[in-house]
Amino acid sequence: MNRRNLEPWRGSRLRRSFYARPVLTVARELVGKVLVHRSAEGTTAGRIVETEAYRGPHDRAAHSFGGRRTPRTEAMFGPPGHAYVFFVYGMHWNFNIVTGRVGEPHAVLIRAIEPLAGLELMAERRRMQPARVELTNGPGKVCQALGITGAQYGRDLCKDPLFLNEGSAGRVMRSRRVGIDYSGVWAERPWRFFEADNAYVSRVPRRSMLNAT
DNA sequence: GAATAGATTGTCT
DNA sequence: GACAATCTATTCT
């Protein structure tokens, strides 16, 4: 265990240029990176192990489909490296990272992380025991564990207190995205990326749906 | 282990 | 009024 793993917030921070690239590239490369949130309650951090790319205005599954630009989706149209946070199903927050160019409404959903620091605080927020994969194996769970809500909407992820650091991943696989069956052919696109054999990945697809990257 | 139902509210039609 | 980039508990096999 090196110092970076013990104190993940000390790592090398990802720069704006990392996010200012095509959304599929960023989604793929975000697997293995370290997400850190330093809040008043304490610091929590984890390795990203599962992501999904959303690519409006053409992608029917994206909230920015058709160029829909409202107070809710505004952040997706803004500069890369900022947070797009939304509330869904009446009770869960989801955290995304805006990518690409200004005016291009693309973002990457963070679906799962492997906890690195602040496990006790995560467990407290999640109201469960710390040594369980259910702590952070889903997009709503990640937000609850890290204390991410609408208060973080639009925040610059190149600055404190919510930011990403360098990290590395094992083998990365891809599959169709989760929970967007209403979007027709767009649901088939292999725009979900995850680390192979990681226990914190929210759902392991059938072998026939898998692709190596 | 898989399938299903229920919770609960912001957003848009 | 309908629906949603989800989670949890429950009820099956």
Side-chain angles (χ1 to χ4, degrees), chain A residues 19 23-24 26-28 30-31 35 46 48-78 82-100 104-115 122-154 157 173-194 197 199-209:
Chain A
Y19 306 106
V23 66
L24 290 173
V26 178
R28 161 69 178 75
L30 275 172
V31 177
L35 176 60
I48 295 170
V49 298
E50 182 181 347
T51 67
E52 278 178 359
Y54 285 86
R55 202 181 186 196
H58 305 296
D59 176 8
R60 191 174 197 84
H63 293 154
S64 54
F65 173 65
R68 185 191 300 160
R69 189 165 183 165
T70 66
R72 180 205 196 196
T73 63
E74 184 59 31
M76 286 188 89
F77 291 83
H82 287 247
Y84 169 48
V85 184
F86 65 89
F87 190 64
V88 71
Y89 293 117
M91 62 191 91
H92 303 296
W93 292 99
N94 277 14
F95 171 69
N96 301 250
I97 299 170
V98 177
T99 72
E104 190 178 55
H106 297 180
V108 177
L109 171 68
I110 304 303
R111 287 196 55 89
I113 65 172
E114 175 183 322
M122 290 189 197
E124 196 178 309
R125 286 168 170 158
R126 293 273 300 127
R127 300 175 183 224
M128 58 167 49
Q129 295 301 311
R132 301 193 59 192
V133 296
E134 287 81 7
L135 212 53
T136 54
N137 66 343
K141 299 175 194 179
V142 168
C143 285
Q144 193 179 5
L146 295 184
I148 296 174
T149 69
Q152 278 71 44
Y153 184 94
L157 302 173
M173 309 291 286
R174 60 193 296 182
S175 75
R176 59 183 284 162
R177 294 172 291 178
V178 175
I180 54 160
D181 288 347
Y182 60 85
S183 67
V185 296
W186 294 94
E188 310 300 326
R189 300 262 174 148
W191 289 357
R192 172 176 181 245
F193 300 87
F194 58 95
D197 304 319
Y200 288 89
V201 171
S202 68
R203 302 196 206 179
V204 178
R206 309 182 71 81
R207 198 174 67 257
S208 62
M209 288 306 304

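Numbered from 1 within each chain, the chains take letters A, B, ... in sequence-line order.
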| said: Between A:Arg111 and C:dT6, is there a contact of a side-chain N or O with OP1 or OP2 at under 4.0 Å? | reply: yes
| said: Taking atom CZ as the centre, does A:Arg126 end up with more than 12 heavy-atom neighbours from other residues, nucleotides or ligands that are less than 6.0 angstrom away? | reply: yes
| said: Rounding to an integer number of Å, can you tell me how far A:Asp181 CG sits from C:dT6 P? | reply: 10 Å
| query | When all nucleic acid strands are considered with a 4.0 Å heavy-atom cut-off, which category describes A:Leu109: base, sugar-phosphate, or nothing? | reply | base
| field | C:dA5 base stacked by A:Tyr54 (centroids within less than 5.5 Å, tilt under 30°) | value | yes
| query | Got A:Tyr84 and A:Glu74 here, is their nearest side-chain heavy-atom distance under 4.5 Å? | reply | no
| field | Value in whole Å for how far the P atom of B:dT8 lies from OH of A:Tyr89 | value | 16 Å
| Atom pair distance, as rounded to whole Å: CZ in A:Phe87 and C1' in B:dT11 | 12 Å
| task | Taking only the side-chain nitrogens and oxygens of A:Arg127, find out if one of them lies under 4.0 Å from OP1 or OP2 of C:dC7. | result | no
| query | Please give, in whole Å, the distance from C:dC3 P to A:Arg60 CZ? | reply | 14 Å
| note | Taking C:dT8, B:dC12, C:dC7 as options, the one with an atom nearest any side-chain atom of A:Arg126 is C:dT8
| said: Can a side-chain donor-acceptor contact be found between A:Ser202 and A:Arg111 if the only test is distance below 3.5 angstrom? | reply: yes
| request: Write down the distance between CZ (A:Arg125) and P (C:dC7), rounded to a whole number of angstrom. | output: 17 Å
| request: Check every atom of C:dT8, C:dT6, B:dT8 against the side chain of A:Val178 and return the nucleotide holding the closest atom. | output: C:dT6
| Spacing of A:Arg203 atom CZ relative to B:dG1 atom C1', expressed in whole Å | 15 Å
| request: Starting from P on C:dA5, measure out to NE2 on A:His92 and report it in whole angstrom. | output: 13 Å
| request: Would you kindly give the CZ-to-C1' distance between A:Phe95 and C:dC7, to the nearest whole Å? | output: 20 Å
| message | It should be established whether A:Thr70 places a side-chain nitrogen or oxygen under 4.0 Å from OP1 or OP2 of nucleotide B:dC12. | response | yes
| message | Tell me which nucleotide, if any, is Watson-Crick or G-U wobble paired with B:dA3 when both distances must be under 3.5 Å. | response | C:dT10
| said: Would A:Arg55 and A:Leu24 count as a side-chain contact (heavy atoms from CB on, under 4.5 Å) here? Give the steps. | reply: CA-CA 9 Å; A:Arg55 202 181 186 196; A:Leu24 290 173; 4.1 Å; yes
| request: Could you tell me if the ring centre of A:His63 sits under 6.0 Å from that of A:Phe86? | output: yes
| request: Find the partner of C:dA5: check Watson-Crick (N1-N3 plus N6-O4 or O6-N4) and G-U wobble (N1-O2, O6-N3) distances, both under 3.5 Å, and reply none if neither fits. | output: none
